Engineer: 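Provided herewith is a single structure, encoded as structure tokens, for subsequent inquiry.
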Amino acid sequence: MNERYTVLFYSVLGVTALGGRVYACGGYDGDSSLSSVECYDPETNMWYVVSDMTKCRSAAGVALLNNEIFVVGGHDGLQIFNSVSIMVQVVLPV
């Protein structure tokens, strides 16, 4: 089988795990800061686009609280942020 994959390299992104998946938030792709939130599912070995944040953020902190992902601070290459984005709410099985 000859499959093609596009490999993207990001730096200074925020990462957390929730509900058995890994979430990558923002970062830098070598040209600009990113607003994307992507999810890796180890069961399917695939990455999925979740949503975009309201701001491009590099070097942001990521935290979990009540099954929500919070992306805090960071910068866009020009200014440092003092804001928070609430990205993903996941309902975990009981």
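A quick note: this is a predicted structure, and the numbers were derived from the prediction, not measured.
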Engineer: Mind checking salt bridge (Lys or Arg N to Asp or Glu O under 4.0 Å) for Asp41 and listing every partner two or more places apart, or none if nothing turns up?
Structural biologist: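 Asp41 satisfies salt bridge (Lys or Arg N to Asp or Glu O under 4.0 Å) with Arg21 once adjacent residues are dropped.
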Engineer: Minimum heavy-atom separation for Ser33 and Gly77, please, with both atom names.
Structural biologist: OG-N, 3.9 Å
Engineer: Examine Leu34 and Val12 and state if one hydrophobic cluster contains both, with Ile, Leu, Val, Met, Phe, Trp and Tyr joined whenever side-chain heavy atoms are less than 4.5 Å apart.
Structural biologist: no
Engineer: Roughly how far, to the nearest 0.5 Å, is SG of Cys39 from OH of Tyr48?
Structural biologist: 8.0 Å
Engineer: Restricting to ring pair (Phe, Tyr, Trp, His ring centres under 6.0 Å), what partner residues turn up for Tyr40, sequence neighbours left out?
Structural biologist: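 Checked Tyr40 against ring pair (Phe, Tyr, Trp, His ring centres under 6.0 Å); matches are Trp47.
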Engineer: Is there a chain of hydrophobic side chains (I, L, V, M, F, W, Y, each step under 4.5 Å between heavy atoms) that links Ile69 to Val37?
Structural biologist: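 Yes; tracing contacts between hydrophobic side chains, which count when under 4.5 Å, links both residues.
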Engineer: Starting at OH of Tyr23, measure out to OG of Ser51 and round the result to the nearest 0.5 Å.
Structural biologist: 10.0 Å
Engineer: Let me confirm one number: the CE-OG distance from Met53 to Ser36, rounded to the nearest 0.5 Å.
Structural biologist: 6.5 Å
Engineer: What residue pairs, at least two apart or across chains, pass salt bridge (Lys or Arg N to Asp or Glu O under 4.0 Å) with a residue in residues 73-82?
Structural biologist: none
Engineer: CZ of Phe81 to CZ of Arg57: how many Å apart, nearest 0.5 Å?
Structural biologist: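 Separation between the atoms: 6.0 Å.
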Engineer: Among Leu64, Leu65, Val62, whose side-chain contact (heavy atoms from CB on, under 4.5 Å) with Phe70 holds?
Structural biologist: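 Among Leu64, Leu65, Val62, the one that satisfies the side-chain contact (heavy atoms from CB on, under 4.5 Å) with Phe70 is Leu65.
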